[in-house]
*Asks:* 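Take a look at this one; I'll ask things after.
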Amino acid sequence: MKIAFVGKGGSGKTTLSSLFIRHLAAEGAPVVAVDADINQHLGAALGLDETEAAALPAMGEHLRLIKDHLRGANPRIASADTMIKTTPPGEGSRLLRVQEDNPVYDACARPVELDGGAVRLMVTGPFTDADLGVACYHSKTGAVELCLNHLVDGPGEYVVVDMTAGSDSFASGMFTRFDMTFLVAEPTRKGVSVYRQYKEYARDFGVALKVVGNKVQGTDDLDFLRAEAGDDLLVTVGHSDWVRAMEKGRPPRFAALEDSNRFALRTLREAADATYERRDWERYTRQMVQFHLKNAQSWGNERTGADLAAQVDPGFVLGESVTAGA
């Protein structure tokens, strides 16, 4: 299952995504965790110290390797230079699986040991001073989008992405790449404004969206979120002494997490798992192609000097039964 955590800056989405990742790992589920936020904090939330987090390889720095691997023997893609972030797979492309070893994971993923298990962690890399004025952050998250376009995951497998804050993720088609999107919202007007924006943008794309209320302190906060989010409100989370200890660098064992918050995490997993039966790989592939053609026309063809529409394999549909190319 491919799962995104979104929300306004400071809403607690990174903390909640890290708790969800810990929950999955404790249950023995295979997990690939991806930090696609402009502020790279997921590694620290998963227990890495500053030195360890800074040493994580940036996906953007390995974009050539990623493209060369995914291109495989696809005859429609002449070279890695003609691949952009939206390039879809076709006959001959190499696909990524959650539980496998491949050159992309070797270069870009690092194992993170957690209570009861381990996860693969990948990061886009930080937005540096050298990028200011000359680069868009989405040029870095393009590596994530390209990998998601070529990823095939099955039931009981999880890819959890901590997305960039606010509605900024709509600057690419990556928001359509997920089975479930959890929007973390505080019980404030600003907190729910991002929810309204996200719901409006996502409406035409069939994005499964659920709200996770965070920093809820009482019935007044709960009533506010119910009034604003209605049936989209899935569960709420309140104060956590475990999280406070974790933020101080002294987390107790994960089994000591409060029962109410453990219940919330189980609810998130059940909601994500329930989307499996509604998977529509044809729609998924169609949306992938739609965004690719849009990007090709607006900037990709000019940038690469190629007709990127020709990369689309009209008979190809991504799915669990598709085998990777040579």
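Numbers here simply count residues along the sequence, with the first being 1.
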*Asks:* State, yes or no, whether a side-chain contact exists between P187 and L225 at a heavy-atom distance under 4.5 Å.
*Replies:*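 Of all side-chain heavy-atom pairs linking L225 with P187, at least one is under 4.5 Å.
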*Asks:* Might you point out which heavy atoms bring P89 and N74 nearest each other, and give the distance in Å?
*Replies:* C-ND2, 4.3 Å
*Asks:* If we ignore angles and hydrogens, is there a donor and acceptor under 3.5 Å between the side chains of R269 and Y158?
*Replies:* yes
*Asks:* Which atoms form the tightest heavy-atom contact between G156 and A29, and what is the distance?
*Replies:*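 Here G156 and A29 meet closest at O-CB, 4.1 Å.
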*Asks:* Could you report the tightest heavy-atom contact between M163 and A4, atom names first, then the distance?
*Replies:*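 Scanning both residues completely, I find the closest heavy atoms to be CG-CB, 3.9 Å.
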*Asks:* Mind listing the closest non-hydrogen atom pair of A33 and I21 along with its distance?
*Replies:*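 So the two residues come closest at CB-CD1, 3.6 Å.
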*Asks:* If hydrophobic clusters are built by linking Ile, Leu, Val, Met, Phe, Trp and Tyr wherever their side-chain heavy atoms come under 4.5 Å apart, do L234 and V160 end up in the same one?
*Replies:* yes
*Asks:* Would V159 and V119 show up in the same hydrophobic cluster when neighbours are defined by side-chain heavy atoms closer than 4.5 Å?
*Replies:* no
*Asks:* Would you say T124 and Q40 are linked by a side-chain donor-acceptor pair, where the criterion is simply a distance under 3.5 Å?
*Replies:* yes
*Asks:* Would you check if the side chain of Q311 reaches a backbone N or O of H292 as a donor-acceptor pair within less than 3.5 Å?
*Replies:*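 Not confirmed, Q311 side chain does not pair with H292 backbone.
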*Asks:* Nearest heavy-atom pair of R244 and H239: which atoms, and what distance?
*Replies:*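 Result for this residue pair: NH2-CE1, 4.2 Å.
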*Asks:* Do the rings of F182 and F5 sit parallel, tilted or perpendicular, given the 30° and 60° boundaries?
*Replies:*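 Taking F5 first and then F182, their aromatic rings sit tilted (interplane angle of 30° to 60°).
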*Asks:* May I ask you to check whether F175 and Y201 place their ring centres under 6.0 Å from each other?
*Replies:*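 Between Y201 and F175, the centre distance exceeds or equals 6.0 Å.
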*Asks:* Considering residues, nucleotides and ligands other than F263, do more than 12 of their heavy atoms fall under 6.0 Å from its CZ?
*Replies:* no
*Asks:* Given 3.5 Å as the limit, does a donor-acceptor pair link the side chain of E258 with the main chain of D241, or not?
*Replies:*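 Pair found, side chain donor or acceptor close to backbone of D241.
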*Asks:* Can you establish whether the number of heavy atoms outside R203 located under 6.0 Å from its atom CZ is more than 12?
*Replies:*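 Yes, the 6.0 Å shell around CZ holds more than 12 heavy atoms from other groups.
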*Asks:* Of the non-hydrogen atoms in R97 and V152, which two are nearest, and what is the gap between them?
*Replies:* NH1-CG1, 3.3 Å
*Asks:* For the CG atom on D280, are there more than 12 heavy atoms of other groups (residues, nucleotides or ligands in this structure) within a distance under 6.0 Å?
*Replies:* yes
